[in-house]
Amino acid sequence: MKPLSRLMFLLVLAFAPALASCQEASAPGPVADARGVDALTPPGVAVASAHALATEAGLQALREGGNAFDAAVAVSSTLSVVEPISSGLGGGGFFLLHQADGGRDVFVDARETSPAAATMERYLDADGGFDSDRATNGPWAAGIPGLPAALVHMAEKYGRLPLEATLAPAIRIAREGFPVYARMARGYERRREVMERYTGSRALYAPQGRALQEGDTFRQADLARTLERLAAQGHEGFYRGETGRLLVEGVNAEGGQWTAEELAAYRVVEREPLRFRYRDWEVVTAPPPSSGGVALAQMLQILAGWDLESLDQTQRTHLTVEAMRRAFRDRTFYLGDPDFTEIPMRTLTSRDYAAGLRATIHPRRATPSDLLSGEPTPLEDEETTHFSIIDAEGNRVAATQTVNLLYGSGLVAPGTGVLLNNEMDDFALKPGTPNAFGVMGFEANAPEPGKRMLSSMTPTFMVSDDRIAVLGTPGGTRIITMVLLGMLGYDAGLDAQAVAALPRFHHQWTPDRISAESGALAAATVRALREMGHEVDAPDEAEVERQAGGRASSHVWGNLQTVAWDLRDNALEGGSDPRNPVGKATVEPRAASD
């Protein structure tokens with residue numbers, strides 16, 4: 001049995017008791033940490049991120065006397081330099097913070113916002129059809145970036161070190177360069193045609209007409225200067241002044257319609273995290289405009305109605321998929337930016353509503369997605385990146401940031417080095433039409449000036465009497481189900497590295513099929529699920545290798561980064577997804593951070 005298959009077997013053994021006693025989601029409000037956790041202190045620090053250079057930048061901030069929030073600024077900004085395929089200053093993110101002093105949790109929403117000119121009509125072609133090219137490529141695909149504002153906000157409100165210190169590693173790496181890695185080079189080849197439409201992108205990624213190759217040194221002098229202005233001037237250094245002028249000019253020169261006023265007006269929003277009980281865990285997770293926390297609460301409460309321990313793997317998988325299906329259906333109709341949309345949170349996260357959804361699930365047959373209502377009923381997310389941090393005081397950060405698809409919109413604003421996002425595709429630009437991730441939306445997620453598009457990013461804390469876990473992952477709409485499986489892994493007693501390596505399966509209502517990593521589901525389970533009426537996309541490893549021409553299997557998802565603190569023996573651990581060879585999780589003893 002292969003290592004991932006063994007881990008999946010461990011998860012399957014624990015699947016039923018892990019779901020047996022989920023309780024109703026509670027209204028937002030302060031919840032004391034179990035066992036007075038904030039009176040304890042970890043024995044050191046733990047940082048896990050998708051790139052070793054970013055992990056080291058976070059550790060450097062901690063060694064220099066910074067806290068987890070300073071480390072988050074260092075990690076985030078460095079990822080913005082070394083992972084342009086996944087995130088950057090031209091994108092946005094969600095930062096879930098815990099302050100040990102006072103036991104406060106806060107959710108920093110740095111999601112991008114819609115430019116005023118980006119109405120739904122702008123994304124229709126001459127025949128009234130959806131223009132997917134405009135929605136995903138170039139100037140009309142980009143929302144107003146939020147990540148730089150988040151870095152300034154965390155540094156000024158929660159950190160101890162000046163931005164000049166925490167941004168220093170990112171500035172140095174941008175100027176001196178770093179080796180291009182395989183995923184970055186492959187992603188560029190996939191997006192090359194789009195990126196080479198734009199002057200700024202060609203100059204940076206294909207100098208002298210030659211695309212960057214694995215092993216090349218990638219230098220970004222313009223981005224280093226942009227980061228220096230951010231370090232010296234804070235919010236004004238990105239959203240106004242030289243950088244702001246270059247961004248607006250760069251977008252508008254390619255046919256977009258940004259204004260200096262709407263760029264300068266961008267601000268992060270602090271929100272109360274979504275909280276709910278799950279077995280012995282207090283779960284603290286992302287509220288809207290993330291759809292992840294609501295979906296997690298809903299899926300677990302649907303599943304709480306069965307004695308899953310008595311069922312075989314096929315039946316447990318079937319019921320889990322049916323819960324996923326229903327949560328994603330509700331995501332489609334009800335979730336959006338809470339500052340613009342009235343969201344029925346109490347209903348969506350209640351046990352009574354979950355019980356009603358549970359009653360629609362046939363225990364032995366798949367429910368075709370088109371049999372679930374395609375209209376709202378009356379009611380009372382390889383892209384992207386994640387990092388997790390615990391410091392020696394017990395502060396913690398779960399952060400997920402993105403530019404949406406590979407290399408975002410493909411557009412670099414000349415003179416800035418900033419690769420802009422294509423998050424406008426996360427709006428319901430044409431109601432009822434799937435976006436690039438195959439999910440649909442309606443009025444709740446329609447664009448409006450200054451509105452934040454719905455997201456699947458789900459940074460999450462789990463707190464029990466015995467353990468604290470910090471986790472999250474990229475993966476588009478699959479983010480939510482990967483975090484769900486990671487939570488079940490922690491509840492099953494797996495360590496952080498085992499949780500990061502767990503195999504994955506997913507369903508999102510539309511398209512109506514189960515997708516799974518190769519080897520994640522036993523062949524007998526796949527056959528049985530198909531007999532129940534499920535469409536299953538789960539090639540075995542031999543088939544994947546044949547499709548890849550004999551190369552190692554590539555049918556894998558996500559890039560989960562997690563850290564955990566075992567309170568019983570006061571030990572820290574970290575887990576970095578083995579699917580990503582450049583990621584790194586590091587634990588350092590207290591002496592290294594003093």
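These values consider heavy atoms only, across backbone and side chains, with no hydrogens, waters or symmetry-generated copies.
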Spatial distance of atom [atom1] ([X]) from atom [atom2] ([Y]) [nearest 0.5 Å]:
{"X": "Thr460", "Y": "Met462", "atom1": "OG1", "atom2": "CE", "answer": "9.0 Å"}
{"X": "Leu247", "Y": "Leu420", "atom1": "CG", "atom2": "CG", "answer": "6.5 Å"}
{"X": "Leu53", "Y": "Phe178", "atom1": "CG", "atom2": "CZ", "answer": "8.0 Å"}
{"X": "Asn421", "Y": "Met453", "atom1": "CG", "atom2": "CE", "answer": "6.5 Å"}
{"X": "Leu227", "Y": "Ile171", "atom1": "CG", "atom2": "CD1", "answer": "5.5 Å"}
{"X": "Arg504", "Y": "Leu485", "atom1": "CZ", "atom2": "CG", "answer": "8.0 Å"}

Run the side-chain contact (heavy atoms from CB on, under 4.5 Å) check on Thr113 and Ile144 step by step: do they pass? CA-CA 5 Å; Thr113 58; Ile144 303 299; 3.4 Å; yes
Can you tell me which residue pairs pass the salt bridge (charged side-chain N to carboxylate O under 4.0 Å, His left out) test with a partner in residues 412-422, sequence neighbours excluded? none
What pairs meet the salt bridge (charged side-chain N to carboxylate O under 4.0 Å, His left out) rule with one or both residues in residues 250-262, with sequence neighbours excluded? none
Test item: Ile468 and His98 side chains (from C-beta on) under 4.5 Å apart, heavy atoms: no
Within-4.5 Å side-chain heavy-atom neighbours: Thr586 and Leu59: yes
All pairs passing side chain to side chain donor-acceptor pair (under 3.5 Å) where residues 69-80 contributes a residue, at least two apart: Ser76-Gln401
For [X], salt bridge (charged side-chain N to carboxylate O under 4.0 Å, His left out) partners two or more places apart:
{"X": "Arg192", "result": "Glu189, Glu196"}
{"X": "Arg160", "result": "Glu393"}
{"X": "Asp391", "result": "none"}

Going through the distances and angles, do Arg229 and Thr243 end up as a side-chain hydrogen bond (donor to acceptor under 3.5 Å, both in side chains)? CA-CA 8 Å; Arg229 288 191 288 270; Thr243 300; 2.7 Å; yes
Of all the heavy-atom pairs spanning [X] and [Y], show the shortest one and how long it is.
{"X": "Gly250", "Y": "Ala413", "value": "CA-CB, 4.4 Å"}
{"X": "Thr385", "Y": "Ser87", "value": "CG2-OG, 3.5 Å"}
{"X": "Ala71", "Y": "Gly58", "value": "CB-O, 3.6 Å"}
{"X": "Ala135", "Y": "Ala141", "value": "O-CB, 3.3 Å"}
{"X": "Leu161", "Y": "Thr166", "value": "CB-CG2, 4.0 Å"}
{"X": "Ala150", "Y": "Ala110", "value": "CB-CB, 3.5 Å"}

So does [Y] get a backbone contact from the side chain of [X], meaning a donor-acceptor N/O pair under 3.5 Å?
{"X": "Asn395", "Y": "Ala100", "value": "yes"}
{"X": "Asp495", "Y": "Ala498", "value": "yes"}
{"X": "Arg104", "Y": "Gln99", "value": "no"}
{"X": "Trp140", "Y": "Gly255", "value": "yes"}
{"X": "Thr217", "Y": "Gly215", "value": "no"}
{"X": "Arg134", "Y": "Ser132", "value": "no"}
{"X": "Glu112", "Y": "Gly92", "value": "yes"}
{"X": "Asn404", "Y": "Asn422", "value": "yes"}

Lys/Arg-Asp/Glu bridge criterion (N-O < 4.0 Å) met for [X], [Y]:
{"X": "Glu270", "Y": "Lys157", "value": "yes"}
{"X": "Glu56", "Y": "Lys584", "value": "no"}
{"X": "Glu517", "Y": "Arg579", "value": "yes"}
{"X": "Glu423", "Y": "Arg452", "value": "no"}
{"X": "Arg271", "Y": "Asp105", "value": "no"}

Ring pair (Phe, Tyr, Trp, His ring centres under 6.0 Å) pairs, two or more places apart, involving residues 239-261: His235-Tyr239, Tyr239-Tyr266
Report yes or no: do [X] and [Y] form a side-chain donor-acceptor pair below 3.5 Å?
{"X": "Ser49", "Y": "Thr55", "answer": "yes"}
{"X": "Ser290", "Y": "Arg111", "answer": "no"}
{"X": "His506", "Y": "Ser515", "answer": "no"}
{"X": "Thr384", "Y": "Thr402", "answer": "yes"}
{"X": "Gln561", "Y": "Ser388", "answer": "no"}

Of Val563, Asp566, Val587, the residue whose pairing with Leu572 passes side-chain contact (heavy atoms from CB on, under 4.5 Å): Val587
Is the His153 to Phe95 ring centre distance short of 6.0 Å? no
What do you reckon, are the aromatic ring centroids of Phe94 and Phe107 less than 6.0 Å apart? yes
Return yes when atom CZ of Arg240 has more than 12 non-hydrogen atoms of other residues, nucleotides or ligands closer than 6.0 Å, and no otherwise. no
Taking only residues two or more places apart in sequence, or in another chain, which ones meet Tyr205 in a ring pair (Phe, Tyr, Trp, His ring centres under 6.0 Å)? Tyr188, Phe218, Tyr407
What pairs with Phe387 under ring pair (Phe, Tyr, Trp, His ring centres under 6.0 Å), at least two apart in sequence or on another chain? none
Applying side-chain contact (heavy atoms from CB on, under 4.5 Å), name anything that partners [X], two or more places apart in sequence or on another chain.
{"X": "Thr562", "value": "Leu471, Tyr490, Ala496, Ala500, Leu560"}
{"X": "Ser201", "value": "Met195, Tyr198, Val412"}
{"X": "Asp222", "value": "Arg225"}

Determine, for Trp557 and Arg478, whether the Lys NZ or Arg CZ falls below 6.0 Å from the six-membered ring centre while staying within 45 degrees of the axis. yes
Does Phe461 have Arg396 sitting over its ring (NZ/CZ under 6.0 Å from centre, angle to axis within 45°)? yes
